[in-house]
There are 2 protein chains.
Amino acid sequence: MANSASGDSMLDRLVRVLESFDTGRPTQTIADLARRADLPLSTAYRFVGELVERGLLERDESGEVRIGMHLWELTTRGSRALELRRLALPSMGRVQARLREHTQLAVLEGDSALFIERLSGASSGANITRVAGRLPLHASSSGLVLLAYAPAEVRERILAGPLLPVADETITDPDQLRRTLAHVRERGHVRALGSIEHHSLGIAVPVDDGSGRVIAALSAVLPREYPNPDAALAVLVRGAKEITAAIAGREGVAN
Amino acid sequence: MANSASGDSMLDRLVRVLESFDTGRPTQTIADLARRADLPLSTAYRFVGELVERGLLERDESGEVRIGMHLWELTTRGSRALELRRLALPSMGRVQARLREHTQLAVLEGDSALFIERLSGASSGANITRVAGRLPLHASSSGLVLLAYAPAEVRERILAGPLLPVADETITDPDQLRRTLAHVRERGHVRALGSIEHHSLGIAVPVDDGSGRVIAALSAVLPREYPNPDAALAVLVRGAKEITAAIAGREGVAN
């Protein structure tokens with residue numbers, strides 16, 4: 001790999017530039033990008049120019065830049081997220097239509113739950129989750145399911161902490177977290193009350209790929225006072241089974 | 001930009017590597033990747049290793065590689081496609097629930113219609129469209145709408161040809177295409193019968209951003225013998241209005 005004089009590889013620079021964008025900050029000036037990506041301004045201008053030329057970034061009328069539609073295209077068309085999402089979307093639509101609450105699909109990515117889809121109705125309440133956004137494994141209902149079925153080394157790494165509180169009711173004690181994960185594996189679901197936001201109840205179930213391997217978590221974010229969480233759980237369990245059937249019907253889909 | 005001895009820039013190599021993946025080919029061996037991306041095998045191995053290290057590509061158990069979930073995440077969370085899709089999805093869901101046929105959203109990208117979302121029911125017929133897939137502007141109903149409202153230079157470039165046939169009924173005569181585009185602008189919709197596939201009728205309408213600028217096409221792919229295409233058109237027109245309202249409710253969303 002060709003490096004600059006500073007030993008900073010082009011790929012590392014590219015990753016820092018891509019990381020400087022976010023759902024809450026889809027466009028930025030080149031000066032802001034340079035600061036966030038830790039690049040000299042002149043380097044940032046030249047590099048952005050090269051990325052824009054190839055459709056990896058786009059410049060809008062005001063001169064701000066954003067992720068290019070062509071990069072989205074290249075990344076999405078071959079991605080595991082798209083394939084899993086495509087197979088899950090019909091079932092997720094039925095779950096959302098029945099619950100009329102946020103319905104989400106997450107996968108384990110690094111040490112987080114990465115959300116690859118979220119469906120919400122007009123009447124659904126506030127929800128911190130974003131498509132392509134992350135939540136901590138120990139705090140979110142999806143994360144607890146993914147962690148319960150994660151490889152042992154991931155589980156032990158997370159249990160070793162730190163387990164930062166996201167809300168008042170986040171589990172931050174490793175022993176309590178270990179017990180919770182054992183319960184998730186016994187019962188095949190989790191209810192996380194107020195662990196991300198005080199007013200929310202997250203319910204999540206595992207989605208397996210048909211061979212018994214858990215590859216995703218299907219979850220709903222309900223208001224804390226939701227009248228019938230057992231019924232919601234039953235809808236999610238059925239949705240997860242449908243997604244498994246859709247995955248198992250296709251070879252080589254979910255990994 | 002640091003170049004290799006051959007003058008091939010790292011970014012160009014990266015783009016070729018990303019382009020070597022496709023919806024129909026989400027995983028590939030490094031040897032295939034090297035051939036498709038026009039890289040010496042040893043370079044491909046080293047480059048893939050560096051991309052895997054940063055989460056831009058992933059290696060599966062068999063040693064094949066695919067687009068990394070982290071690259072999907074970085075690209076999706078800041079993308080215009082995600083934002084437009086998020087605003088359009090509720091309306092698209094209602095259109096799909098009423099028509100029970102493929103419902104799609106496309107944007108103009110380069111000289112193609114790029115599809116950023118597609119919803120299909122279990123009973124929908126065959127459909128060539130893929131999310132993050134492209135279709136030619138002159139052949140698809142979405143493309144005809146996007147072309148009708150495109151900047152004049154794009155329109156003239158496409159009209160200058162070549163206008164390749166995709167199916168028997170694709171418009172390949174520039175004069176006929178020019179008349180069709182004028183009709184689209186007059187009527188605010190297009191019906192393309194058999195222009196992509198003989199058995200399909202595409203109906204598409206423009207989606208504007210609330211300021212009168214067309215930023216996308218909403219379309220349905222119906223069977224050729226669909227009983228009531230006028231009713232389907234009315235559903236699409238209403239869906240497009242809802243999407244415009246959703247976009248106009250947010251500032252700076254759709255570009």
Side-chain angles (χ1 to χ4, degrees), chain A residues 1-4 9-12 14-15 18-19 21-23 25-27 46-47 50-51 54-56 58 60-61 66-83 85-86 89-90 93 96-97 107 109-110 114 116 118-122 130-134 252 255, chain B residues 1-4 9-12 14-15 18-19 21-23 25-27 46-47 50-51 54-56 58 60-61 66-83 85-86 89-90 93 96-97 107 109-110 114 116 118-122 130-134 252 255:
Chain A
M1 187 56 40
N3 286 347
S4 72
S9 97
M10 228 286 308
L11 277 183
D12 290 327
L14 176 66
V15 170
L18 295 179
E19 283 176 344
F21 294 93
D22 207 335
T23 42
R25 193 171 59 218
T27 69
R46 197 175 59 239
F47 194 40
E50 288 169 336
L51 293 169
R54 288 161 181 86
L56 305 182
E58 292 174 0
D60 68 16
E61 291 97 354
R66 65 184 308 157
I67 299 291
M69 195 62 98
H70 187 48
L71 180 57
W72 173 83
E73 174 190 9
L74 290 177
T75 301
T76 299
R77 66 184 192 182
S79 82
R80 190 154 52 90
L82 178 69
E83 189 61 0
R85 177 188 167 277
R86 188 179 66 75
L89 204 52
Q96 203 278 326
V107 297
E109 172 64 19
L114 174 65
I116 62 174
R118 165 186 156 179
L119 300 180
S120 304
R130 297 283 172 270
V131 173
R134 291 175 177 240
N255 204 7
Chain B
M1 187 58 39
N3 286 346
S4 73
S9 96
M10 228 284 309
L11 277 183
D12 288 327
L14 176 67
V15 169
L18 296 179
E19 284 176 343
F21 294 92
D22 207 335
T23 42
R25 194 171 59 218
T27 70
R46 198 175 59 240
F47 194 40
E50 289 170 334
L51 293 170
R54 290 164 180 84
L56 304 182
E58 292 174 359
D60 67 17
E61 291 96 355
R66 64 184 309 157
I67 298 291
M69 196 61 98
H70 186 50
L71 180 56
W72 173 83
E73 174 190 8
L74 290 177
T75 301
T76 300
R77 65 183 192 182
S79 82
R80 190 154 52 92
L82 177 68
E83 188 60 2
R85 176 188 168 278
R86 190 178 67 72
L89 204 52
Q96 203 279 325
V107 298
E109 172 65 18
L114 174 65
I116 62 173
R118 164 185 156 179
L119 300 180
S120 303
R130 297 286 172 269
V131 173
R134 290 175 177 241
N255 203 10

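Below, read A as the first sequence line, B as the second, and so on, with proteins coming before strands; counting in each chain starts at 1.
- Taking A:R134 as the reference, B:E73 meet the salt bridge (charged side-chain N to carboxylate O under 4.0 Å, His left out) condition, with sequence neighbours excluded.
- At a 4.5 Å heavy-atom cutoff, the contact between B:R85 and chain A is made by side-chain atoms alone.
- Nearest heavy-atom pair, A:R66 versus B:S79, reported as atom, atom and distance to 0.1 Å: NH2-C, 3.7 Å.
- With contacts defined as side-chain heavy-atom distances shorter than 4.5 Å, the pair B:V131/A:R86 does not qualify.
- Within the model, atoms CG of A:L11 and CZ of B:R54 stand 5.0 Å from one another, a figure rounded to the nearest 0.5 Å.
- Contacts of A:E109 with chain B are made by side-chain atoms alone, with heavy-atom separations under 4.5 Å and no backbone atom involved.
- Note that CZ of A:R118 and CG of B:L89 are 11.0 Å apart. Values are rounded to the nearest 0.5 Å.
- Counting heavy atoms from C-beta on, the side chains of B:I67 and A:R80 never come closer than 4.5 Å.
- Counting heavy-atom pairs closer than 4.5 Å to chain B, the top residue among A:G110, A:G78, A:G93 is A:G78.
- Within the 4.5 Å cutoff, the side chain of A:L18 has heavy atoms near those of the B:L71 side chain.
- For B:T76, the side-chain hydrogen bond (donor to acceptor under 3.5 Å, both in side chains) test picks out B:W72, with sequence neighbours left out.
- Only the side chain of B:L14 comes within less than 4.5 Å of a heavy atom in chain A; its backbone stays farther off.
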